[in-house]
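Here's the structure we're looking at; comments come further down.
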Amino acid sequence: MDLPTLPPAPVGFVGSGPPTYDAEPTALPPADPDGLDDLVADTVLDGARYGACTLRAVSVRGDSARFRGEPRRDSLLTARFGTGDQALILVAMATGARATPGAHRAAAEACHWIGRAVGRSHARLAQDIGAARRGDLKSGLHRLTDRSLGKLRASAVEQGIDPEEYAASLRCLLLPADPDCRVRVFFGVGAGGLFRLRDGAWHDIEPQVTDLTGEPVVGFGSLPPETPDGDRLTMDLGIPTPPSPYEPAPEPPREAFRFRASVARPGDALLMCTSGLADPLRGEAELREYLTGRWSDPTPPGLAAFFADSQVRVKGYADDRTAAAVWEA
């Protein structure tokens, strides 16, 4: 009789040796008695099951921040908009700029702004996903992302903060609740990772900047090759142009919009994460092998098991980790 293959036992770390920092939190961030709403929990954990997919999501303070008593710079938002088969699930995660005091607030604001934008447009987005209108989805989500990050920059100005410091990367996943629809939509701006575990092998499916096409949107991408009147633009030789007295100087180029719409297969596991997990996944083969064994089972892990797996430590990687994984029935 063939016995079932059991997943590997949980471990605390992989790689050449244990990380420098302790495995558990050692210091709390400083608290302001008049600003307790600004406190960020060490860990956030969530999950759900809709249609053909099971969702697990977690955001964990990194070893370095735990040791130094700094707040988690990553923010996580999970939300359901609508009801029944027409519902749309959004997972949004953001990472605030490194070494800035308001990084955790910027990340939270970025998630909230995109959450409001998607929530107000969820009915149309669900229809576009169901009808596989990829072009409409890409352009529409590009606009929503640009407006949301624009509000973040406006918030920085209102607070008297440099918008480049009060900034965040943003990564989102849209999951329709319709059991007959297996389209999974990823979009966002900034670093991180998008991976698919299929047939026991990891595939890095992060959209590359060189693959990005489409009309530029204010604040993102590069300038078009010519003006609306047909005049060719001159080559950029890297020489700064003095600001015109008649119009403001252009803003520095921002990171490109990333988009991917893919059809999931039964048995797939899709993982979206911030750089805190994406970097060790790309850089440490033993972590990939371990998670392959833990997450290849058709039965998704429970919340506690997913939390334990997602925080397996690797020496040299001490940033916050935020991850959302979707298992396909």
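Side chains are part of it too, since the values below use all heavy atoms of this structure and drop only hydrogens, waters and symmetry mates.
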Are [X] and [Y] close enough that some pair of their side-chain heavy atoms sits under 4.5 Å apart?
X	Y	value
Arg133	Gln127	yes
Val326	Leu173	yes
Leu76	Asp74	no

Do you know the tightest heavy-atom contact between [X] and [Y]?
X	Y	value
Cys111	Leu77	O-CD2, 3.3 Å
Asp22	Arg313	O-NH2, 3.3 Å
Gly283	Tyr317	CA-OH, 3.8 Å

Would you say [X]'s side chain and [Y]'s backbone share a donor-acceptor pair under 3.5 angstrom?
X	Y	result
Ser296	Gly293	no
Arg61	Glu70	yes
Arg80	Gly82	yes
Ser75	Ala94	no
Asp204	Glu206	yes
Gln159	Ile161	no
Arg198	His203	no
His112	Glu109	no
Trp327	Trp295	yes

Worked verdict on Arg66 versus Tyr21 for side chain to side chain contact (heavy atoms under 4.5 Å, CB included): CA-CA 9 Å; Arg66 283 175 163 180; Tyr21 300 106; over 6 Å; no
Mutual orientation of the aromatic rings belonging to Phe195 and Trp202 [parallel < 30°, tilted 30-60°, perpendicular > 60°]: perpendicular
Side chain to side chain donor-acceptor pair (under 3.5 Å) involving Arg288 - partner list, sequence neighbours excluded: none
Exercise: do Tyr166 and Arg153 side chains pair donor with acceptor under 3.5 Å: no
Pair Lys138-Phe257, side chain to side chain contact (heavy atoms under 4.5 Å, CB included): steps then yes or no: CA-CA 9 Å; Lys138 184 175 182 179; Phe257 175 75; 4.2 Å; yes
Working for side chain to side chain donor-acceptor pair (under 3.5 Å), residues Ser310 and Arg321: CA-CA 8 Å; Ser310 63; Arg321 289 185 180 183; over 6 Å; no
Contacts of Arg56 that satisfy salt bridge (Lys or Arg N to Asp or Glu O under 4.0 Å) - sequence neighbours left out: none
Residue list, salt bridge (Lys or Arg N to Asp or Glu O under 4.0 Å) with Asp320, at least two apart or on another chain: none
Near-ring test Phe259/Phe187, centroid separation under 6.0 angstrom: no
Worked verdict on Arg182 versus Asp268 for salt bridge (charged side-chain N to carboxylate O under 4.0 Å, His left out): CA-CA 11 Å; Arg182 287 190 182 266; Asp268 282 356; over 6 Å; no
